[in-house]
Amino acid sequence: MEIKLELNGKALKAEIEPDLFLLDFLRSVGMKSVKRGCDTSNCGLCTVFVDDKPVLSCSMLAARADGHKVTTLEGLQAEAEEFGAFVGNQGAEQCGFCNPGFMMNAIAMFRENPDPTDEEILEYLSGNLCRCSGYEGQLRAIKAYLAFRKEEVAE
């Protein structure tokens, strides 16, 4: 079957099998930030935006993306670059395997709630499995980045 979608701002048309998951489709077209971790929709490694909302691509058929806008971390480099520096400075990247999904969910949070409480931050992080850290570095990175953004706005 044929699908047409917008991937990271570019029109894309592809022939796919009806049972192909969005994760596998995105990997097949070179989106390496989208990773397989659990195949049970529990780890967050496969997070992408569909029409600007976070979605677990391991549990969505690629056919459902037909006619929609799909964004991976590759399409968010401008937003991710600045925040990524804070993640690195706090030692929150360790092995780096969970970072793309973590960054996608953090960007969604920054867009939806620019002034979250610690509890709200932890709620956003709850969908991301990280086997290396205790999430403290990720929490510190988010808080430092939010403080930085507040300072920028105040100036």
Side-chain angles (χ1 to χ4, degrees), residues 1-90 92-116 120-132 135 138 141-142 144-146 148-150 152-153:
M1 74 183 297
E2 182 180 270
I3 61 170
K4 296 176 186 174
L5 57 103
E6 180 184 316
L7 177 59
N8 296 330
K10 297 179 183 171
L12 179 65
K13 181 169 63 170
E15 195 66 35
I16 64 162
E17 293 297 320
D19 62 349
L20 182 69
F21 283 103
L22 183 57
L23 163 68
D24 298 313
F25 171 72
L26 293 171
R27 297 280 301 177
S28 76
V29 295
M31 302 298 109
K32 301 302 181 196
S33 71
V34 185
K35 298 178 183 177
R36 172 172 275 106
C38 68
D39 281 329
T40 59
S41 304
N42 287 311
C43 72
L45 295 177
C46 65
T47 302
V48 299
F49 292 165
V50 176
D51 297 332
D52 296 318
K53 298 290 182 198
V55 170
L56 298 171
S57 63
C58 75
S59 62
M60 179 179 179
L61 291 174
R64 299 219 37 201
D66 185 36
H68 293 276
K69 175 182 158 187
V70 177
T71 309
T72 67
L73 191 58
E74 287 88 349
L76 297 174
Q77 289 303 302
E79 280 182 85
E81 186 176 337
E82 188 175 72
F83 174 57
F86 286 84
V87 173
N89 286 340
Q90 294 298 327
E93 81 286 354
Q94 294 192 16
C95 84
F97 194 69
C98 70
N99 273 5
F102 162 66
M103 296 203 50
M104 293 296 290
N105 280 306
I107 289 169
M109 180 184 64
F110 300 148
R111 289 176 175 183
E112 294 170 15
N113 185 355
D115 192 24
E120 289 168 329
I121 293 170
L122 292 172
E123 191 174 307
Y124 272 86
L125 292 180
S126 69
N128 289 86
L129 179 63
C130 176
R131 291 181 173 95
C132 296
Y135 302 98
Q138 294 172 343
I142 288 172
Y145 180 68
L146 290 170
F148 169 77
R149 284 181 45 176
K150 278 183 187 176
E152 277 191 327
V153 170

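Scope of the values below: all heavy atoms of this structure, side chains included, with no hydrogens, waters or symmetry mates. Throughout, residue positions are numbered sequentially from 1 according to the sequence presented.
The heavy-atom pair separating Met104 from Leu76 by the smallest distance is SD-CD1, 3.6 Å. Ala144 and Gln90 get closest at one heavy-atom pair: CB-NE2, 4.4 Å. When every heavy atom of Ala80 is checked against every heavy atom of Met103, the shortest pair comes out as O-CE, 3.2 Å. Considering all non-hydrogen atoms of both residues, Ala14 and Phe25 come closest at CB-CE1, 3.6 Å.
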(Q) Would Val70 and Leu12 count as a side chain to side chain contact (heavy atoms under 4.5 Å, CB included) here? Give the steps. (A) CA-CA 10 Å; Val70 177; Leu12 179 65; over 6 Å; no
Q: Report the C-alpha separation of Val87 and Gln138 in whole Å, then their side-chain angles, then the decisive distance to 0.1 Å, and conclude whether the side chain to side chain contact (heavy atoms under 4.5 Å, CB included) test is met.
A: CA-CA 7 Å; Val87 173; Gln138 294 172 343; 5.9 Å; no
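When the salt bridge (charged side-chain N to carboxylate O under 4.0 Å, His left out) test is applied to Lys32, no partner is found at least two apart in sequence or on another chain. In this view, Glu123 satisfies the salt bridge (charged side-chain N to carboxylate O under 4.0 Å, His left out) rule with no residue, not counting sequence neighbours. Taking Phe83 as the reference, Phe102, Phe110, Tyr145 meet the ring-ring contact (aromatic ring centres under 6.0 Å, His included) condition, with sequence neighbours excluded. Every residue meeting the side chain to side chain donor-acceptor pair (under 3.5 Å) condition with Ser33, not counting sequence neighbours, appears here in chain and number order: Glu74. Applying the side-chain contact (heavy atoms from CB on, under 4.5 Å) test to Glu81 and every residue at least two apart in sequence or in another chain returns nothing. Residues passing the side chain to side chain donor-acceptor pair (under 3.5 Å) test with Asn113, sequence neighbours excluded: Glu120. For Arg36, the salt bridge (charged side-chain N to carboxylate O under 4.0 Å, His left out) partners are Asp24, Asp39, not counting sequence neighbours.
Listed by first and then second residue, the salt bridge (charged side-chain N to carboxylate O under 4.0 Å, His left out) pairs that reach into residues 6-20 come to none, sequence neighbours excluded.
Taking CG from Leu146 and CD1 from Ile121, the interatomic distance works out to 5.5 Å, rounded to the nearest 0.5 Å.
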Can you give the donor-acceptor pairs under 3.5 Å from side chains of residues 58-66 to other protein atoms, not counting sequence neighbours?
from: Ser59; atom 1: OG; to: Ser41; atom 2: OG; distance (Å): 3.2
from: Ser59; atom 1: OG; to: Leu56; atom 2: O; distance (Å): 3.1
from: Asp66; atom 1: OD1; to: Lys4; atom 2: N; distance (Å): 2.8

Kindly list each side-chain donor-acceptor pair under 3.5 angstrom involving residues 42-54, sequence neighbours excluded, with atom names and distances?
from: Asn42; atom 1: ND2; to: Thr40; atom 2: O; distance (Å): 3.3
from: Asn42; atom 1: ND2; to: Thr40; atom 2: OG1; distance (Å): 2.9
from: Thr47; atom 1: OG1; to: Gly44; atom 2: O; distance (Å): 2.8
from: Thr47; atom 1: OG1; to: Asn105; atom 2: ND2; distance (Å): 3.4
from: Asp51; atom 1: OD1; to: Lys69; atom 2: N; distance (Å): 3.0
from: Asp51; atom 1: OD2; to: His68; atom 2: ND1; distance (Å): 2.5
from: Asp52; atom 1: OD1; to: Lys69; atom 2: NZ; distance (Å): 3.1
from: Asp52; atom 1: OD2; to: Lys69; atom 2: NZ; distance (Å): 3.2

